[in-house]
Amino acid sequence: MMFVKAFIVGGVICALTQILMDKTKMMPGRIMVLLVCLGTLLSAVGLYEPLVDYAGAGASVPLTGFGNVLWKGMKKAIDANGLLGIFLGGFQACAAGVSAAIIFGYIASWIFNPKMKKK
């Protein structure tokens, strides 16, 4: 049943994002930033963590989940380091994931030789 919950919640997040991409003139980069900020905001008010508990990877894998991880890292670092934690917490919480994405993306670019699409 956990897989069904993850599929439904993750699918709803992705479907809403696709609607946003199709129905607005927002660039994909801005939509990605919007999703991370939305995840951070929902985490700050206590609404995103129950969704992660319910749906697991369906809520933690999309970009809103990245915002959730940023918030949790900042909150922990603020408790430990005060105001300086605002700057340190997000980096410490997400360092492994961001590093892995950069490294594996670089390796994939060597293997598959990506090219820009022609319009």
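Quick note: numbers below take in every heavy atom, side chains included, and nothing from hydrogens, waters or symmetry partners.
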Linked hydrophobic residues, Y48 as query - side chain contacts closer than 4.5 Å:
V9, I13, L38, L42, V45, L47, L51, V52, Y54

Please round to the nearest 0.5 Å and tell me the distance separating atom CG of L88 and atom NZ of K76.
13.0 Å

What distance do I78 atom CD1 and W71 atom CH2 have between them, rounded to the nearest 0.5 Å?
6.0 Å

Under 4.5 Å side-chain linkage, directly or through intermediates, the cluster mates of M2
none

Residue pairs passing the side-chain hydrogen bond (donor to acceptor under 3.5 Å, both in side chains) test where at least one lies in residues 9-20, sequence neighbours excluded:
Q18-D22

Taking only residues two or more places apart in sequence or in another chain, which ones pass side chain to side chain contact (heavy atoms under 4.5 Å, CB included) with A57?
S60, V61

Should side-chain heavy atoms under 4.5 Å link Ile, Leu, Val, Met, Phe, Trp and Tyr, which residues sit in the same cluster as I19?
none

Note: with side-chain heavy atoms under 4.5 Å as the link, the other cluster members for I102 come out as L20, M21, M26, I31, M32, L34, L35, V36, L63, F66, L70, V98

Search all heavy atoms of A93 against all heavy atoms of G73 and return the closest pair with its distance.
CB-CA, 3.6 Å

Would you name the heavy atoms of G89 and A77 that are closest together and state the gap between them?
CA-CB, 3.4 Å

May I have all residue pairs that pass side-chain hydrogen bond (donor to acceptor under 3.5 Å, both in side chains) and include part of residues 25-47, sequence neighbours excluded?
S43-N68

Residue pairs fulfilling salt bridge (Lys or Arg N to Asp or Glu O under 4.0 Å) with at least one residue in residues 57-71, sequence neighbours excluded
none

Which pairs, with at least one residue in residues 54-68 and sequence neighbours excluded, count as a salt bridge (Lys or Arg N to Asp or Glu O under 4.0 Å)?
none

Residue pairs, two or more places apart or on separate chains, that pass salt bridge (Lys or Arg N to Asp or Glu O under 4.0 Å) and touch residues 5-15
none

If a pair satisfies salt bridge (Lys or Arg N to Asp or Glu O under 4.0 Å) and one of its residues is in residues 46-70, list it, with sequence neighbours excluded.
E49-K72

Residues 92-107 vs side-chain hydrogen bond (donor to acceptor under 3.5 Å, both in side chains), sequence neighbours excluded, gives Y106-W110

